[in-house]
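Down below is the structure, laid out as structure tokens.
Quick note: residue numbers are just sequence positions, from 1. Indexing begins at 1, ligand by ligand and atom by atom, following the structure's order.
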Amino acid sequence: SGFGYANMEKQRQKLPVFKYRNPILYLVENHATTIIVGETGSGKTTQIPQYLKEAGWAEGGRVIACTQPRRLAVQSVASRVAEEMGVKLGEEVGYTIRFEDRTNPGVTAIKFLTDGVLLREMMDDPLLTNYSVIMVDEAHERSLSTDMLLGLLKKIQRRRHELRLVISSATIEAKSMSAFFDTRKTRQGEADEHCVPRRQPTILSVEGRGFNVQIQYLEEPVSDYLQAAVSTVLLIHEQEPMGDILVFLTGQDDIDAAVQLLNEDAQNRGRQPSGLIVLPLYSGLSRADQDLIFSPTPKGKRKVVISTNIAETSLTLEGVVYVVDSGFSKQRFYNPISDIENLIVAPISKASARQRAGRAGRVRPGKCYRLYTEEYFVKEMHAEGIPEMQRSNLVSCVIQLKSLGIDNILGFDWLASPAPEAMVRALEVLYSLGILDEDAKLTSPTGFQVAEIPLEPMISKMILSANLLGCSEEIITIAAVLSVQSIWMSARGSQKELDETKLCFAVAEGDHVTYLNVYKGFLHSGKSSQWCHKNFINYQAMKKVVEIREQLHKLLRRLGIVLKSCDGDTKVLRKAITAGFFAHACRLEAFSHNGMYKTLRSSQEVYIHPSSVLFRVNPKWLIYHSLVSTDRQYMRNVIAIDPSWLIEAAPHFYQLQKPNTATY
Ligand code: ADP
Ligand code: MG
């Protein structure tokens with residue numbers, strides 16, 4: 001309604017960034033690169049693209065892009081901006097994330113997208129000619145894709161002088177970013193004042209209006225941050241005045257567990273309704289669940305949002321007065337010696353801890369409960385996090401740069417250089433996968449096709465091999481399942497019940513083939529949510545699987561690949577998986593009674609994850625999809641193989657440490 005719109009306009013004008021509207025537009029007009037530093041919630045993400053549109057940057061069919069490291073943030077911010085502008089999402093304001101494009105070419109003026117998607121767009125349009133302004137948001141996060149994007153955008157700027165970059169972040173090290181984009185030296189003899197726009201980047205700080213946040217530390221360290229978080233929430237609820245609570249945990253598992261514990265507590269004490277509304281926040285949430293997070297808290301109630309890192313700077317929740325900070329987040333770590341990449345629950349940096357605390361001072365003075373000691377904060381926590389580029393497996397990164405025609409990858413203009421050992425490892429694997437040739441160029445057609453498929457390169461290679469082996473119909477289902485978090489529900493009630501249900505689908509070959517049964521059952525049920533509920537299967541995840549599978553099917557058709565079924569021949573299926581994942585082969589230790597495996601690549605000790613259908617089955621040879629590390633390294637999604645397939649798949653890969661098949 002007109003009233004609602006006017007109201008929204010008022011809200012917009014109250015945001016700290018509004019005072020800087022004209023200076024921002026002036027700087028963007030006159031400088032190739034504008035760096036904007038501003039506290040979370042000041043309005044950078046939702047307002048700046050609108051200001052740019054109002055100033056005419058989207059005229060003549062041009063598009064204003066705004067990138068985010070996270071998919072959920074892209075969707076959430078785009079729908080907010082569409083609402084503020086009073087337009088339908090997917091028209092003037094749209095978004096694109098992997099496997100989901102909600103834009104209308106020719107109509108969409110403001111487009112939100114992940115930095116990964118923008119990288120992919122460069123494959124079709126290397127100079128990104130559709131865009132007049134590209135806003136790289138959340139640059140302080142230093143995600144792998146953001147870093148790659150910044151290096152590539154700097155290159156594009158040399159060719160497109162009219163392109164404007166806006167780099168925005170909450171805590172950026174603005175000076176080094178500014179030095180990186182200072183391209184005056186490269187245009188010798190030209191005085192910068194005479195260039196329009198000026199090549200010298202400019203920095204603008206938007207002052208926040210955060211209230212004071214009182215920090216509380218633990219006296220003694222705790223061993224169980226999950227339990228500590230739950231008790232702290234209950235304590236706040238009993239003792240502190242009204243105001244919402246934001247809890248930072250690490251991922252879906254501990255968040256779901258905390259939600260369950262809090263809901264159980266309310267029931268046990270018989271004080272239902274307790275006045276607590278407990279909501280999880282992590283990627284993969286349904287639209288409806290996302291909307292709950294942002295809906296105002298009803299009077300007399302207290303909202304508790306239990307979130308991953310996403311609420312640290314990407315999303316702002318109004319009404320938060322109390323923050324509970326576990327001190328941990330899930331982070332990617334890669335070890336080039338063992339060639340193992342893990343998602344590890346690891347300590348956050350001081351910078352992150354400060355950001356988290358800041359979320360409590362949004363509407364009035366707040367409190368932050370740190371579930372660690374002050375001594376730990378001062379002495380143990382690092383000042384800043386390490387850029388993801390320096391702690392990641394580089395296989396995808398190398399393929400993307402190669403497909404953009406960048407051959408000298410070590411010589412690329414990095415914001416932070418990756419480790420040379422990690423680069424060598426990536427080249428080795430890509431060569432063995434047949435994606436790069438001896439000259440480290442993309443092979444044709446395999447290398448170019450792998451680059452076209454927006455999945456992990458090993459999955460893409462698995463799909464291409466399945467095409468040759470005649471089992472692509474089944475393998476794209478498997479690829480889709482491996483692309484979602486987990487299709488099993490976390491155990492509600494008893495673990496035993498879940499395990500028994502799983503056995504209805506399980507097959508001796510392993511998890512991948514089991515997923516085919518689940519998918520079949522889901523289709524057979526008419527994609528029923530009741531069926532999922534009954535079988536401990538995550539309905540949201542299955543819907544996603546169907547969607548991704550459809551997208552993959554379309555993509556393969558474009559690559560000229562026609563789906564073919566192997567009609568239940570699991571041997572060819574497993575050969576196709578081996579062709580993609582031979583680097584993840586393991587062998588059961590001959591005298592192991594506790595199910596210990598060693599990786600063929602680097603003799604690392606690994607174990608089958610309890611969630612696998614092969615847990616305690618322990619076939620001699622297997623291949624895993626990914627590792628999770630807790631007390632040990634656990635393999636998730638495993639499949640039994642015959643070791644001879646490894647030699648078939650990659651004759652030279654294990655040459656130095658050839659598996660001794662004779663002993664088995
Ligand atoms: P920044 O990018 O500087 O962190 P944002 O532009 O994301 O700030 O947020 C500005 C304001 O818009 C905040 O007050 C936030 O609460 C509000 N906002 C953003 N997204 C939504 C949403 N989906 N629903 C309701 N309010 C939102
Ligand atoms: Mg933002």
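- Taking a 4.0 Å cut-off on heavy atoms, Gln11 fails to register as neighbouring ligand 1.
- Here is the list of ligand 1 atoms found below 4.0 Å of a heavy atom in Ser76: 23 (N).
- Taking the ring centre of Phe211 as origin, the terminal cationic atom of Arg364 falls outside the region bounded by 6.0 Å and 45° from the ring axis.
- Within the 4.0 Å heavy-atom shell around ligand 1 one finds Ser42.
- Residue contacts with ligand 1: Lys44 is placed with a nitrogen or oxygen under 3.5 Å of a nitrogen or oxygen of the ligand (distance criterion only).
- Checking side-chain atoms of Asp325 against main-chain N and O of Gly327 turns up a donor-acceptor pair under 3.5 Å.
- Each of Val213, Val324, Asn309 was checked for a side-chain contact (heavy atoms from CB on, under 4.5 Å) with Arg356, and the lone residue meeting it is Asn309.
- Donor-acceptor pairing under 3.5 Å is lacking for the side chains of Asp101 and Tyr95.
- Checking only distances, Glu318 does come within under 3.5 Å of ligand 1, N or O to N or O.
- Interface of Glu39 with ligand 1, defined as ligand atoms under 4.0 Å from a residue heavy atom, comprises 3 (O).
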Glu9/Lys14 under salt bridge (Lys or Arg N to Asp or Glu O under 4.0 Å): CA gap, chis, key distance, verdict:
CA-CA 9 Å; Glu9 273 305 300; Lys14 275 199 212 141; over 6 Å; no

Intermediate values then yes/no, salt bridge (Lys or Arg N to Asp or Glu O under 4.0 Å), Arg98 and Glu100
CA-CA 6 Å; Arg98 189 177 71 163; Glu100 190 178 341; over 6 Å; no

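- Here the side chain of Lys303 pairs a donor or acceptor atom with the backbone of Ile293 at under 3.5 angstrom.
- Atom 25 (C) of ligand 1 has its closest protein heavy atom at Arg80 NH1, 3.3 Å.
- Considering backbone and side-chain N/O of Leu317, none are found under 3.5 Å from N/O of ligand 1.
- Proximity of a side-chain donor or acceptor of Arg160 to a complementary backbone N or O of Leu128 within less than 3.5 Å is detected.
- Looking from atom 11 (C) of ligand 1 to the surrounding protein, the closest heavy atom is Leu15 CD2, 3.8 Å.
- Under the 4.0 angstrom criterion for non-hydrogen atoms, Arg362 is in contact with ligand 1.
- For the atom pair OG1 (Thr313) and CD (Gln355), the distance works out to 6.0 Å, reported to the nearest 0.5 Å.
- Residue-to-ligand polar distances keep Thr40 apart from ligand 1: every N/O pair is separated by 3.5 Å or more.
- Annotation: Thr45 places an N or O atom under 3.5 Å from an N or O atom of ligand 1; distance criterion only.
- For the Mg ion (ligand 2), the N/O/S atoms of Thr45 include one lying under 2.8 Å.
- Note on ring orientation: taking the six-membered ring where Trp is involved, the planes of Tyr372 and Phe377 are parallel (angle under 30°, cut-offs 30° and 60°).
- Looking at Gly43 next to ligand 1, an N or O pair under 3.5 Å apart turns up.
- Ranking the protein heavy atoms by distance from atom 4 (O) of ligand 1 puts Gly41 N, 2.6 Å first.
- Of the N or O atoms in Thr46, one or more lie within a sub-3.5 Å distance of an N or O in ligand 1.
- What sits closest to atom 24 (N) of ligand 1 on the protein, heavy atoms only, is Phe294 CD2, 3.4 Å.
- Heavy atoms only, all atoms of each residue included: Glu341 and Tyr334 are closest at CB-CD1, 3.8 Å.
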